[in-house]
Protein chains: 4
Amino acid sequence: MKTSQIFATLALAAATLPALAKGVIVNQAITETAVLAAQQGWCKALVDISSIGAKSGQPAAKALAEKVIDAAYAYQMGAVLFKPTLTVNPQTFRTTRAGALAYFVGGDPAFPKDKGFALKNWTQCAVDNAAVFIAGDSATTMGKVNITGKDGKVTTVDKTWKFVKDDAGKLRIAVHHSSLEYAAQ
Amino acid sequence: MKTSQIFATLALAAATLPALAKGVIVNQAITETAVLAAQQGWCKALVDISSIGAKSGQPAAKALAEKVIDAAYAYQMGAVLFKPTLTVNPQTFRTTRAGALAYFVGGDPAFPKDKGFALKNWTQCAVDNAAVFIAGDSATTMGKVNITGKDGKVTTVDKTWKFVKDDAGKLRIAVHHSSLEYAAQ
Amino acid sequence: MKTSQIFATLALAAATLPALAKGVIVNQAITETAVLAAQQGWCKALVDISSIGAKSGQPAAKALAEKVIDAAYAYQMGAVLFKPTLTVNPQTFRTTRAGALAYFVGGDPAFPKDKGFALKNWTQCAVDNAAVFIAGDSATTMGKVNITGKDGKVTTVDKTWKFVKDDAGKLRIAVHHSSLEYAAQ
Amino acid sequence: MKTSQIFATLALAAATLPALAKGVIVNQAITETAVLAAQQGWCKALVDISSIGAKSGQPAAKALAEKVIDAAYAYQMGAVLFKPTLTVNPQTFRTTRAGALAYFVGGDPAFPKDKGFALKNWTQCAVDNAAVFIAGDSATTMGKVNITGKDGKVTTVDKTWKFVKDDAGKLRIAVHHSSLEYAAQ
């Protein structure tokens, strides 16, 4: 029997399988749907923080941003590899929760250049994936994210996210690299 | 906004998502269907080796067993943790391809106690999973496997398999622990 | 430049590297030392439960066993694929915490055949690995475990463990298949 | 016995362990040393392609670039999530081998804006990691990469790499996001 035949018979076996196993099934594999939902969750959170900041001020925005960071990022796993869009040396990278919070809502003297990216009155946020790579226990996406300001102007960023599952099964951002599009000269 | 509300809005966002992303999608996550197919493939291979052995002799069975091992086990990754059902000390564990081959079809003087498990005229093989745990990039199953001999007698073994994906995306057995049921006294 | 030369120059580059990176380093890779420690931890826990049971009775043994299960197994991740040494159909597999606890210390009417494996006055437990396979984020071991009773008699079992890291970085048993050695006839 | 005591005894057990297991050991966990070597390999390859291009022309540079891409990237796994430093819409992302090759050495009419990043006479390349996160079976780095041109001018980019191991145990780049530093206004 040739290898191709072995595979043919395996495929045949598969074709006649019951669709699902009996017994206890635990499936931790990350799904495309879950990845897209996590991206949408990030977008929605950005707009929500902007809204609450415009309506109720920075402290309210900060309180929400803390909840979002704690729910959506993986800082509790040791570090997040986070390169926000607008940070500059020597504070380009925000591997700590404090650095992420300062980036989103400002107001932290330890990060004096941060004005609060999420306080820029964003009204919409849309993800346009170039690629989604699900490795099984992690998933990475790369693409454009288009963020609309109050004046209707759209800012486009190139964004990479790597999501991992925590013990509770929730996707968290472990890597986040965002950059303005290259302006060819 | 409370954390529960954040999740509610995330869930809402998810509910209105497009079902699938655009762009390049690579999904290496192991599926339940693929796991069940791999188990069936093992069962079918066992019966096939038995059949060809009965019809054409040990050399033909050995040739098929080599193809099966090369296609279904992960020896090329360095080792397989294989505890076959009927092996004894000091050759209980078969971490090498040669040890697996000897177990299935015998005839290797380096493994003098091996008579060839796959040469026992098995006619049927059925998997009854107690649990399937898909970690995403690997999957482990545990349950009963019932193997029927030519005389209709069924041998039941307790079996654990861990499957991993190779670079080509095919599931391979990386761990295989099989044991006769405990005979309570 | 040939591929072999590329690798030679890569190797040269590696040889002149600083030994360690600057910056934040998070290394979740499972180490051989951690795997061996987790195995020893299981052995020690078994003997400890036996000791406390002999000295203080089943309730004390049960209380310790609960702590051990909660600290060393991964039931909180959804299920553990656990085939204990001495269980029989239809309760061979113990995918729940309750099933594991009953196996170790008995006393659960839902598992009437369980007398408490850890109450058998074990005085020593030693692991003799045939193979350790560290996949990076999980590790599987296979080998003999020799358990000594109060009378000095040694029981040898064939044992497979798969360990995973939880969010806190601690190894937990996700798969555990134990079986008496095959008694060749 | 309290949980803290259990851990103390586990730690004690670990302290008295033999340093290494007997038996077959396969350790696929990614090491910090391997990650740093892979980064250095990328830097060295960039300078090598530049050198050979300056000395022998684009075809020679292209031939080397193909070898580098095939050896160092993971295109054979389905796609690489690659956002090079200087690409523009609608060809920002290079998920295919052809797109990566065009970026490095140009000359592909399908990517008309690519002049060949590796042909810019780079003479040095140095990595300054902000963070290295080793998940076990993958590793992600984020930091500055400083590339020196023939005129001594240094270009600094913010770079994220995710490395995975292939079946042969070699690290490959699965994700690569590179961007010029944000020029604050």
Suppose a student defines contact as a heavy atom less than 4.5 Å from any heavy atom of chain B. Which residues in residues 83-96 of chain C would they list?
Lys83(C), Thr85(C), Leu86(C), Thr87(C), Val88(C), Asn89(C), Thr92(C), Phe93(C), Thr95(C)
With chain C as the partner, which of Ala135(B), Gly143(B), Ala174(B) has the greatest number of non-hydrogen pairs under 4.5 Å?
Gly143(B)
If every non-hydrogen atom of His177(B) is compared with every non-hydrogen atom of Asp158(C), which pair is closest and at what distance?
CE1-O, 3.3 Å
Considering all heavy atoms of both residues, which atom of Met142(B) and which atom of Leu81(C) are nearest to each other, and what is their separation?
CE-O, 3.1 Å
Using a cut-off of 6.0 Å, state whether more than 12 heavy atoms not belonging to Lys159(C) lie near its atom NZ.
yes
Under 4.5 Å between any side-chain heavy atoms of Val175(B) and Val175(C), yes or no?
no
Side chain, backbone, both or neither: which part of Lys144(B) has a heavy atom under 4.5 Å from chain C?
both
